[in-house]
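Structure first, then comments.
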There are 2 protein chains.
Amino acid sequence: MAMLDTPTFSHACGDCPIRYRAVCARCEGDELERLEQIKYYRSYQAGQTVIWSGDRMDFVASVVSGVATLSQTMEDGRRQMVGLLLPSDFVGRPGRDSVAYDVTATTDLVMCCFRKKPFEDMMLSTPHVGQRLLEMTLDELDSAREWMLLLGRKTAREKIASLLSIIARRDASLALKQGSKRLVFDLPLTREEMADYLGLTLETVSRQISALRKDKVISLEGKRHVTIEDFDALQEAAGDDSDGGMLS
Amino acid sequence: MAMLDTPTFSHACGDCPIRYRAVCARCEGDELERLEQIKYYRSYQAGQTVIWSGDRMDFVASVVSGVATLSQTMEDGRRQMVGLLLPSDFVGRPGRDSVAYDVTATTDLVMCCFRKKPFEDMMLSTPHVGQRLLEMTLDELDSAREWMLLLGRKTAREKIASLLSIIARRDASLALKQGSKRLVFDLPLTREEMADYLGLTLETVSRQISALRKDKVISLEGKRHVTIEDFDALQEAAGDDSDGGMLS
DNA sequence: TGAAAACCTTGACACAGATCAAATCGGAAA
DNA sequence: TTTCCGATTTGATCTGTGTCAAGGTTTTCA
């Protein structure tokens, strides 16, 4: 029977932008105080751009609530999303002035920010923060590489199933329904955003969602509220290794 | 007129796996000695697999000569390359036991390796090494994201042009021919490997290379030896921002 | 040097997903 | 509640790239 990766992390520990409790727990007294002193919050409305590609980015940040996307756009308007930021995710480039992608809020968004200079100073003096940041960046690189497999080799149906599976696994608001395999969540993306994420058109996204619904793998209430009727079947449709993301 | 990013880095500095001289230069006396003590070399023949996805990887390494690829494969055999390692590139995951992709030598390959444990110890005690590693990882993440744009949104012709442009810019053996815009290099990949990199079939790769040749953007001697006849036209065909990768 | 094995090119055709074009739905504002 | 407008679905058709197939070319190794 399928079990999910339970999200054991959250935005916590005095809003330290380092994801896992296990690591935040290592931030103590002095360090936490310093983080408190340099942190501030920013809010964005759904649709607002947080920062444009090429702009100077003088802070690093952790998503507190809401969803943001990273995207790149070609001259003629073709767009590809290259990252999805959910609560507790980190964004920013210690050691670099500007970013190479647009960051956009797709829902109302609250981020916990740290000005870069003091954050970098802190990284230098507290090795485990830099350490953890390196691990997180390597994890992100792994996700990016998995996404490359999706973009280069998966069919439209597999792409949709993969995206639903990933959101379902990461979405903290997901609730297990009675029985076993059913999961419920709200899509934080429009069809067009999903298309830009998957390298498809919005029409193809719509058609494949309809197909998954017809096949009883998922069901919808309204356009955004999704129930995964059979998580195993969804994984199957995603073309992932059969035991990917499951425990026991 | 087009100028290339001149590769100002190289595998140097006592084989320190940190890429740029500017940083290696900060490795001194004691540190260099420790690196010397834990380093060793490994050679692989063209086609040999360095490590399989899921295997334990107890070392980190820097490519001294030759070319390696990182790739992921689906159960039914569909393959996607997710990384290209050229001389001076780094591979390995401090803080993780295993890798999520196959590493394969596509030419004869020499790597300078460091056992992971002592390397990690050194990272802890010399902050600038971890620092630099984080920067390199972030750079790699940026490349991965650019590649996602390529995989998701570019046409076959744009994909081929992008790959040629990237190899030309990074290949240390490239030689400027008389005049201005011509560049010469040897492809380190077969048509099939290029296809796996670009999310295409080898037939499409072959056809698009023929098309670029017919359009006088490139010319070939044999199958591997490429002359870029007009770098600007190649960039144009790649669909990149018109000033990407150029100076002045 | 010759023969086999890779590797590559080209052609004909098929098909998944793109494009163009209408509906239809659903949430927000009045 | 009604109206409106953006978001979504669905249909018809087109096209870029995949698939299958047949030669051709380069490299390797005896």
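These values consider heavy atoms only, across backbone and side chains, with no hydrogens, waters or symmetry-generated copies. Within every chain, numbering begins at 1; the chains are lettered A, B, ... in the order of the sequence lines, protein sequences first and strands thereafter.
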May I have the distance from [X] (atom [atom1]) to [N] (atom [atom2]), rounded to whole angstrom?
{"X": "A:L150", "N": "C:dG17", "atom1": "CG", "atom2": "C1'", "answer": "15 Å"}
{"X": "B:E158", "N": "D:dG16", "atom1": "CD", "atom2": "C1'", "answer": "13 Å"}
{"X": "B:D186", "N": "C:dC7", "atom1": "CG", "atom2": "C1'", "answer": "16 Å"}
{"X": "A:Q208", "N": "C:dA16", "atom1": "CD", "atom2": "C1'", "answer": "9 Å"}
{"X": "A:R153", "N": "D:dT17", "atom1": "CZ", "atom2": "P", "answer": "13 Å"}
{"X": "B:R78", "N": "C:dA16", "atom1": "CZ", "atom2": "P", "answer": "13 Å"}
{"X": "B:L187", "N": "D:dT26", "atom1": "CG", "atom2": "P", "answer": "15 Å"}
{"X": "B:R213", "N": "C:dC8", "atom1": "CZ", "atom2": "C1'", "answer": "10 Å"}

Handout entry: Candidate nucleotides D:dT19, D:dT9, C:dA18, ranked by approach to the side chain of B:T201 - the nearest
Key =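 Nucleotide nearest to B:T201's side chain: D:dT19.
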
Handout entry: Candidates C:dT9, D:dT8, D:dT17 - which lies nearest the side chain of B:L220
Key =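 It is C:dT9.
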
Handout entry: Side-chain ion pair, B:D58 and B:R56, N-O less than 4.0 Å
Key =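 Salt bridge between B:D58 and B:R56, a charged N being under 4.0 Å from a carboxylate O: no.
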
Practice task
In plain terms, say whether B:E192 and B:R79 are close enough for a salt bridge, that is, a side-chain N and a carboxylate O under 4.0 Å apart.
Solution key: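 Judged by the 4.0 Å cut-off on N to carboxylate O distance, B:E192 and B:R79 do not form a salt bridge.
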
Ignoring hydrogens and angles, answer whether the base of [N] and the side-chain atoms of [X] contain a donor-acceptor pair closer than 3.5 Å.
{"X": "A:R207", "N": "C:dT19", "answer": "yes"}
{"X": "A:E203", "N": "C:dC20", "answer": "yes"}
{"X": "B:R191", "N": "C:dT10", "answer": "no"}

Exercise for the section: Considering just the side-chain nitrogens and oxygens of A:S206, establish if one lies under 4.0 Å of OP1 or OP2 belonging to D:dT9. Expected result: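 For D:dT9, OP1 or OP2 has a side-chain N or O of A:S206 closer than 4.0 Å.
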
Practice task
Please check the phosphate of C:dA16 (OP1 and OP2 only) for any side-chain N or O of A:T204 closer than 4.0 Å.
Solution key: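 No, A:T204 has no side-chain N/O under 4.0 Å of OP1/OP2 on C:dA16.
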
Practice task
Check every strand shown and say whether B:G199 touches a base, only sugar-phosphate, or nothing at a heavy-atom separation below 4.0 Å.
Solution key: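 Counting heavy atoms under 4.0 Å across all strands, the contact made by B:G199 is with sugar-phosphate only.
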
Practice task
Describe the nucleic acid contact of A:R224 in one word from base, sugar-phosphate, nothing, applying a heavy-atom distance below 4.0 Å.
Solution key: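 Sugar-phosphate only.
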
Problem - DNA chain C: 5'-proximal contact among A:T155 and B:L202 (nearest heavy atom) - result: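 Whichever sits nearer the 5' end wins; that is B:L202.
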
Handout entry: Nearest-0.5 Å distance that lies between atom CZ in A:R169 and atom CG in A:L164
Key =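 Result: 11.0 Å between the selected atoms.
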
Problem - Sidechain-backbone polar pair: B:R191 side chain, B:K223 backbone, donor-acceptor under 3.5 Å - result: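 Present.
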
Problem - Side-chain (A:R224) to main-chain (A:L187) donor-acceptor, under 3.5 angstrom - result: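 Flag set: sc A:R224 to bb A:L187 pair under 3.5 Å.
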
Practice task
On DNA chain D, check which nucleotide each of B:V205 and A:L189 is closest to and give me the residue with the more 5' one.
Solution key: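 Whichever sits nearer the 5' end wins; that is A:L189.
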
